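In what follows, a single structure is set out as structure tokens and then discussed.
Only heavy atoms go into these numbers, but all of them, side chains included; no hydrogens, no water, no symmetry mates. The structure presented is a predicted model; accordingly, all values stated were derived computationally and were not measured.
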Amino acid sequence: MTENTQQPNTSTPELPTQYAPAEVEGPLYERWVERGYFTADAKSDKKPYTIVIPPPNVTGSLHLGHAFQHTLMDALTRRKRMQGYEALWLPGMDHAGIATQNKVEQQLAEEGKSRHDLGREAFVDRVWRWKEEYGGRILGQMRRLGDGVDWSRERFTMDEGLSKAVQTIFKRLYDDELIYRAERIINWCPRCLTAISDIEVEYQEDDGELVSIRYGEGEESLVVATTRAETMLGDTAVAVHPEDERYAHLIGKQIKLPLTDRSIPVVADTHVDPEFGTGAVKVTPAHDPNDFAIGQRHDLPSMTVMDERGNITVHGPFLGLDRFEARSAIVGALREQGRIVAEKRPYVHSVGHCSRCSTTVEPRLSMQWWVKVGPLAKAAGDAVRDGRVKIHPADMSKRYFDWVDNMHDWCISRQLWWGHRIPVWYGPDGEVVCVGPDEEPPGGEGWTQDTDVLDTWFSSGLWPFSTLGWPEKTPDLEKFYATDVLLTGHDIIFFWVARMMMFGLYAMDGVAPFHTIALTGLVRDERGKKMSKSFGNVVDPLDWMDAYGSDAVRFTLAKGANPGTDVPIGEDWVQASRNFANKIWNATRFALMNGATVEGELPPAEKLSAADRWILSRLNATVAEVDAFYDDYQFAKLADALYHFAWDEVFDWYVELSKTTFTGGGEQAKVSARVLGEVLDVTLKLLHPVVPFVTEALWTTLTGKESLVVTEWPADSGFRDAAAEAEIANLQQVITEVRRFRADQGLQPGQRVPARLELGGTSLAAHEGAIRQLLRLQPAGEDFSATATLPVAGATVALDLSGTIDVEAERKRLAKALAAAEKDKAQCEAKLGNEAFLAKAAEQAVEKIRGRLVKAEADIERLGAQLAALPGA
RNA sequence: GGGCGCAUAGCUCAGCGGUAGAGCGCCGCUCUUACAAAGCGGAUGUCGGCGGUUCAAAUCCGUCUGUGCCCACCA
């Protein structure tokens, strides 16, 4: 096959009868890259079109979700490239701080070591080595998929340039007082040993135990309810609602805290819901965000009773127990003292887990760095509100607004080693210096850099401009910022999209990083179920690509891509797409065998047959339709439109009709060969962004030209021919009707039947050859005797079925169809007789009903005539 | 607890005010200038229930049921 694509189409190339993607795809991709088709030129005069890839984690490998989004991004950039844009699809990877660090730590654990055994520097070296060796597997897989990315611009969030961008923006935010350091309650993962942000916490319904504990003695006592008994060691108050009469007498008093020698005050706080539980809440400011807030309001001390691993640090019988052991031990001890007044178990409540390792998150009081999100989030919201940035589909913008309008300050420090280290230095006398990218860190005794690194989303939030060279004013930044479309899953609106909006607007003087946010759904299995390892329904797209070709996987995904909705995909569907690719292959093969060509001018309309004019009319309509769908990110619809145009209209009808023309030879055959060449040329171009491989292989063979990748996208010539469309519709009706009759009468498809056609006076006269060929009708001989007469579309087809025909079955069928047509006619007449309808309905609607009536009347006439023509009528 | 979405053919989904659609699956018959991974023909639905608006409702409104997702400081 590959040799053939090299040949000019002077002779008919021999294509195998089946398309073999495995032989075609790899070499084609490498050729595209070698020829630099995907390399964008910042100096070009062409208008830019830019998409930055959502950078996959270095630890990641290609899954169907990537394949899905990549297909769509690839289709968008490929089309724009063909449309003459300087198209840049910029690839790269994310260092994925916590995920990657965990991965390498796991590897170390297998060697019986921890990161602390290596020390920070050696550990980070080790991660880099891991990255070089195992990271970025996905980049190779993207080649298999056919991603037309500009490899010369590949970026990594920890590259020197991107690190500089991180430091630059950190410094700017710090100087603008949008970054600050504060001690707050954060979400702490006792396994990863780091703070995580609110959105990195996943809530699950867990079984717990709600125990009610009596605090204090006698009159001076009350009962609190808790699911986290172990935190009582750190209680510094009990809170009740100020208007709760039950506890009015206790407010301001001290009560004894069980198991300790401390007494704690009872405070009044409106946060307490008197209806819930006993209406009294234990307050542990150091271990619960609400309690922390209460503590602030009432100036309570915070008492930390657990270390970073969740072990109890308070001296006494519970010292050293982990939080869960401590919980049961404490409940046990309280029970012995008779202080447990009620227990409810299981008590289902929502508990936060680390999104990376599923460990139960421990709220923890600690010193962290924060982004003051207010003004940034406001700008991010406004850019969408005032239409500078469009979210597609539009109803997803609600989610975006909900988030940006209610955003809490963002905790950006992580107690990890892998990532961008916070560029802040602390002096021996408590000085704090934020160091900019071109500044020397303060030297001398006692200065140390902050040991934390930044949240991985901090650097990916800069991606749309850091990858283009910012903070330098590079030609790339000049040319390709702002990018055009951000295409990503709706699951990372908060993690990533909102942050890019905030940072982009902030760093780029109010210019949003993209004008359109196209949100996709998630890929699911063929029953619409989420793919997950525990269900065992996860599919490796590479398996399907091996079996059916990348094009098949891509086409299936594109066909399922309804905006913002989840995409179910099953192997059967990939097979169906493979079949489509094979169909294109064979149709082109047929065309080449019959001399289809793109050479020379398209013949003028008067030299074209009705079929030629029809298909060209449909072709141009399809071009317009596909363009409109692309501009609206309607991938499913454009894939569907192309599928049906190509298969139903071109392959099933035009190609079939052209067989008669080719058999006939002569001038008309030449014209048809040129038209078929044209139709395939354009159709392959239209299909190329979605199924780049087959189309490239076939198109280069068909045209002898270099590559589809750098070919001009087709334009709607404006050619339409309603008359030809109507004529071919009639032809199709005759053929379908007679075929149906033949099948109903049990004739073998190949069996030749003598027939007499009366086409006089209709436009069908010109199609007698095609009708006879497609219906296997022989000329009527001397002894012709019509046993079935089928009037259809103003013509009559009389058949001599030397055997008998099943008159009764046919009569029944016709009667049924006739009744349906009559009913429809009656309905239409009723509508058209309805004055209210005529008065209020749109003209178009009325026109539609009129058309329907005409059709119903024609059907009645035809079916009546067929009925009358039945023998014995 | 709040918000959003979805319920249409056996399955997965389009359609979103004017005659119910597609793909796959299913049932027949077939090697016919390419393709059996194909061709031709066929069957299949009270468009979740109940109300309402309208000349007209799968489509708009209300409500119920089922289902999915997101958010939240459910002690």
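As a whole-Å value, the separation of A:Asn582 CG from B:A36 P is 7 Å.
Straight-line distance between the P atoms of B:G49 and B:U65: roughly 15 Å, to the nearest whole Å. For the P atoms, the distance linking B:A43 with B:A22 amounts to 12 Å, nearest Å. Between B:C55 and B:U12, the distance separating the two C1' atoms is 37 Å to the nearest Å. Rounded to a whole angstrom, the distance from the C1' atom of B:C60 to that of B:U67 is 23 Å.
Remark: A:Lys659 qualifies as a cation-pi partner of A:Phe590 under the 6.0 Å distance and 45° angle criteria applied to the six-membered ring.
The shortest distance between side-chain heavy atoms of A:Pro274 and A:Tyr247 does not fall below 4.5 Å. Counting heavy atoms from C-beta outward, A:Leu687 and A:Phe580 have side chains that approach closer than 4.5 Å.
Using a 4.0 Å cut-off, some side-chain N or O of A:Trp647 falls inside it from OP1 or OP2 of B:G39. Phosphate proximity of B:A56 to A:Asn834: absent, as no side-chain N or O sits under 4.0 Å from OP1 or OP2. Taking side-chain N and O atoms only, A:Gln748 has a distance below 4.0 Å to OP1 or OP2 of B:U30. Between A:Lys530 and the phosphate of B:G68, there is no side-chain N or O to OP1/OP2 separation shorter than 4.0 Å.
The base of B:C35 sits with one of its N or O atoms less than 3.5 Å from a complementary donor or acceptor on the side chain of A:Lys583. For A:Lys840 against B:A56, a side-chain-to-base donor-acceptor contact under 3.5 Å is absent.
Classification of A:Arg740 and A:Asp744 as a salt-bridged pair holds, one side-chain N sitting under 4.0 Å from a carboxylate O.
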